[in-house]
Asker: 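One structure, pasted below without further comment.
Numbers for residues simply follow the sequence, beginning at 1. What's counted below: heavy atoms across the whole structure, side chains too, no hydrogens, waters or symmetry copies.
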Amino acid sequence: MKCAPLALVAALSGLALAALPARAEAFDLQIAVGAKGGVNMVAGQGIPDDSRLTSEQGNQVYFPKPEYFGHFGVGPKGGLSLELRALGFVGLETGFYYSVDQASGYVDKNDALSGRTIARIHSDQVSNAYHVPLMLKFRVPSAVVSPVFGLGAEFIFQTESTLEYREEQRAGSMGGYANQLNDRNQISPSNYTLLTLSAGLEISVGPVRIPVELRMGYNLGFDQAMSERATYDESTGEITYDGKYQGHVGVFTGVLYEFDLLL
C-alpha cells in the first residue's frame, strides 16, 4: 500500500516533534543591589614580653616590654552591596564598604615591693578602612523568611591607623609612662585578607530583600610575633607596628532591590 510509507514517516515525524521542547527553558538569574550597614567588632592579640626583632639597621634588638596590648572594640561599617543569585538558592556577593575600626587594651603596672597596682596604661587604636568582600552565598528557599549562609574572603585596605596611650594613675604612680610610649610606639596602615563566614536571615517583600546577618572573619596572615608585626629604627628609637587586626565580627542589615534576568 502506497499510503503505508507516508503514514510511517508522518508518525515518526510526529514523535520527533513531540520529543522537542515547546521552547528553550530560560535560565533563572537575579541581581540585587542596595546598601548594608551595622557594627563591626575587631580584636587582636598583644605582642609578648621579651620579644626580639631585627632593626632597620640590621641589628638584633631585644624588647622586654613591647607594650602593644591585646585589644578589642566596636565601630561602624557600611556601604554598597551587589549579589548575583542563580536558581533562587546559590549566589555570589561583593560590595564596597567603609569602616571605622576602634580597639582598646590595657595593662596594669604594679609596685615591685607591694604588688599593688599603681597605674593602668590604656592603648587606643583607630583604623579607617575600605572592605571588598567576595563570597559564595547559599539560600534555603522560602516565600518570606529564608536562612542564608556564606563563605569567602574579605579584602581590607586600611587608609589610616593611629595608636595612642593614656595613663590612669593611682597612689604611688610617678606618671609620664604613657607619654614615653606615645613617643616610642607608632603604627602604620595595613592591607590584609579575612577568611569570612556569614549566617543570617533574608526577608523578602516583593522585589525587596532585607538581610540580617552575622559575619565573622579571621586574618589568615596574622602572626603574634613582634618580628612579624613591627619594625624598629635605631636612629629615632621608634617602633612601628602593623595596624592589621586578628579578627572581625559584625552584625549587619540593609535593603536590596532585586531584578530578574532571563538568560
Asker: Is there a chain of hydrophobic side chains (I, L, V, M, F, W, Y, each step under 4.5 Å between heavy atoms) that links Phe63 to Ile187?
Answerer: yes

Asker: Kindly indicate whether the side chain of Pro64, heavy atoms from C-beta on, has any atom under 4.5 Å from the side chain of Asp50.
Answerer: yes

Asker: Before we go on, tell me: are the rings of Phe157 and Phe155 under 6.0 Å apart, centre to centre?
Answerer: no

Asker: Rounded to the nearest 0.5 Å, what separates atom CZ in Arg229 from atom OG1 in Thr240?
Answerer: 14.0 Å

Asker: Do the side chains of Val255 and Val145 join up, straight or via other hydrophobic residues, at under 4.5 Å, putting them in one cluster?
Answerer: yes

Asker: Under 4.5 Å between any side-chain heavy atoms of Glu213 and Val148, yes or no?
Answerer: no

Asker: Do Met41 and Val100 sit in the same hydrophobic cluster, where Ile, Leu, Val, Met, Phe, Trp and Tyr count as joined when their side-chain heavy atoms come under 4.5 Å apart?
Answerer: no

Asker: For His71 and Tyr245, take the angle between the two ring planes, folded into 0 to 90°, and tell me which bin it lands in: parallel under 30, tilted 30 to 60, perpendicular over 60.
Answerer: perpendicular

Asker: Are the side chain of Gln57 and the backbone N or O of Glu234 linked by a donor-acceptor pair below 3.5 Å?
Answerer: yes

Asker: Is the closest side-chain heavy-atom distance between Tyr241 and Ile47 below 4.5 Å?
Answerer: yes

Asker: Kindly write out the residues that satisfy side-chain contact (heavy atoms from CB on, under 4.5 Å) with Thr54, not counting sequence neighbours, or none if the list is empty.
Answerer: Gln60

Asker: Rounded at 0.5 Å granularity, tell me how far CD in Glu258 sits from CD1 in Ile31.
Answerer: 10.0 Å

Asker: Could you check whether any side-chain N or O of Ser55 sits under 3.5 Å from a backbone N or O of Tyr232, counting only pairs where one atom can act as donor and the other as acceptor?
Answerer: no

Asker: Does Leu194 offer a backbone N or O that forms a donor-acceptor pair with the side chain of Glu154 under 3.5 Å?
Answerer: no

Asker: Once rounded to the nearest 0.5 Å, what's the spacing between atom NZ of Lys65 and atom CG of Asp49?
Answerer: 4.0 Å

Asker: Just by modelled atom types, is the Asp242 backbone N or O under 3.5 Å from a matching donor or acceptor in the Ser190 side chain?
Answerer: no

Asker: Is the distance between the ring centroids of Phe96 and Tyr130 less than 6.0 Å?
Answerer: yes

Asker: Short question: side chain of Asn185, backbone of Pro66 - any donor-acceptor pair under 3.5 Å?
Answerer: yes

Asker: Apply side chain to side chain donor-acceptor pair (under 3.5 Å) to Glu67 and Tyr177, showing your working.
Answerer: CA-CA 11 Å; Glu67 306 290 27; Tyr177 190 60; 2.6 Å; yes

Asker: Can you tell me how far the CG atom of Leu201 sits from the CG atom of Leu214, to the nearest 0.5 Å?
Answerer: 11.0 Å

Asker: Where is the tightest heavy-atom contact between Ile121 and Phe69, given as atom of each residue plus distance?
Answerer: O-CE1, 3.4 Å

Asker: Taking the side chain as every heavy atom from C-beta outward, state whether Thr253 and Ile210 have any pair of such atoms under 4.5 Å apart.
Answerer: yes

Asker: Taking all non-hydrogen atoms of both residues into account, name the closest pair between Gly243 and Ser161 and its distance.
Answerer: CA-OG, 4.1 Å

Asker: Which residues pass the side-chain hydrogen bond (donor to acceptor under 3.5 Å, both in side chains) test with Tyr192, not counting sequence neighbours?
Answerer: His248

Asker: Are the side chains of Leu151 and Leu195 in touch, meaning some heavy atoms are under 4.5 Å apart?
Answerer: yes

Asker: Could you check if a side-chain atom of Leu220 sits within less than 4.5 angstrom of a side-chain atom of Thr193, using non-hydrogen atoms only?
Answerer: no

Asker: Quick check on the hydrophobic clustering: are Tyr257 and Leu82 connected, directly or via other members, by side-chain heavy-atom contacts under 4.5 Å?
Answerer: yes

Asker: Is any side-chain heavy atom of Arg85 closer than 4.5 Å to a side-chain heavy atom of Lys137?
Answerer: no

Asker: Of the non-hydrogen atoms in Gln186 and Asp183, which two are nearest, and what is the gap between them?
Answerer: NE2-O, 3.3 Å

Asker: Taking it one step at a time, do Arg215 and Glu93 satisfy salt bridge (Lys or Arg N to Asp or Glu O under 4.0 Å)?
Answerer: CA-CA 13 Å; Arg215 188 165 291 191; Glu93 179 187 337; 3.2 Å; yes

Asker: Can you name the one residue among Asn179, Asn182, Asp124 that meets side chain to side chain donor-acceptor pair (under 3.5 Å) with Arg166?
Answerer: Asp124

Asker: List for me each residue that meets side-chain contact (heavy atoms from CB on, under 4.5 Å) alongside Ala129, sequence neighbours excluded, and say none if there are none.
Answerer: Ser99, Asp101, His131, Ile156, Gln158

Asker: Looking at side-chain heavy atoms only, is the closest gap between Tyr97 and Pro133 below 4.5 Å?
Answerer: yes

Asker: Between Lys244 (side chain only) and Gly221 (backbone N and O only), is there a donor and an acceptor less than 3.5 Å apart?
Answerer: yes

Asker: Without swapping roles, check the side chain of Arg52 against the backbone of Met226 for a donor-acceptor pair under 3.5 Å.
Answerer: no

Asker: Atom CD1 in Ile118, atom CD in Glu167: separation rounded to 0.5 Å?
Answerer: 8.5 Å

Asker: Indicate the atoms forming the closest heavy-atom contact of Pro141 with Phe89, along with that distance.
Answerer: CG-CB, 4.1 Å

Asker: Does any N or O in the side chain of Ser81 come within less than 3.5 Å of the main-chain N or O of Ala35, such that one atom is a donor and the other an acceptor?
Answerer: no

Asker: Quick one: CD on Gln102 to CD on Gln125, what's the gap to the nearest 0.5 Å?
Answerer: 11.0 Å

Asker: Checking Gln224 side chain against Gly46 main chain: does a donor-acceptor pair fall under 3.5 Å?
Answerer: yes

Asker: Looking only at heavy atoms, which two atoms of Gly150 and Met135 are closest? And how far apart?
Answerer: C-CE, 3.5 Å

Asker: Treat each ILVMFWY residue as a node, draw an edge where side-chain heavy atoms are under 4.5 Å apart, and state whether Val107 and Leu163 are in one component.
Answerer: yes

Asker: With salt bridge (Lys or Arg N to Asp or Glu O under 4.0 Å) as the test, would you mind laying out the steps for Glu83 and Lys36 before giving the verdict?
Answerer: CA-CA 12 Å; Glu83 183 177 344; Lys36 289 183 183 179; 5.4 Å; no

Asker: Which heavy atom of Gly91 sits nearest to which heavy atom of Leu136, and what is that distance?
Answerer: O-CD1, 3.4 Å

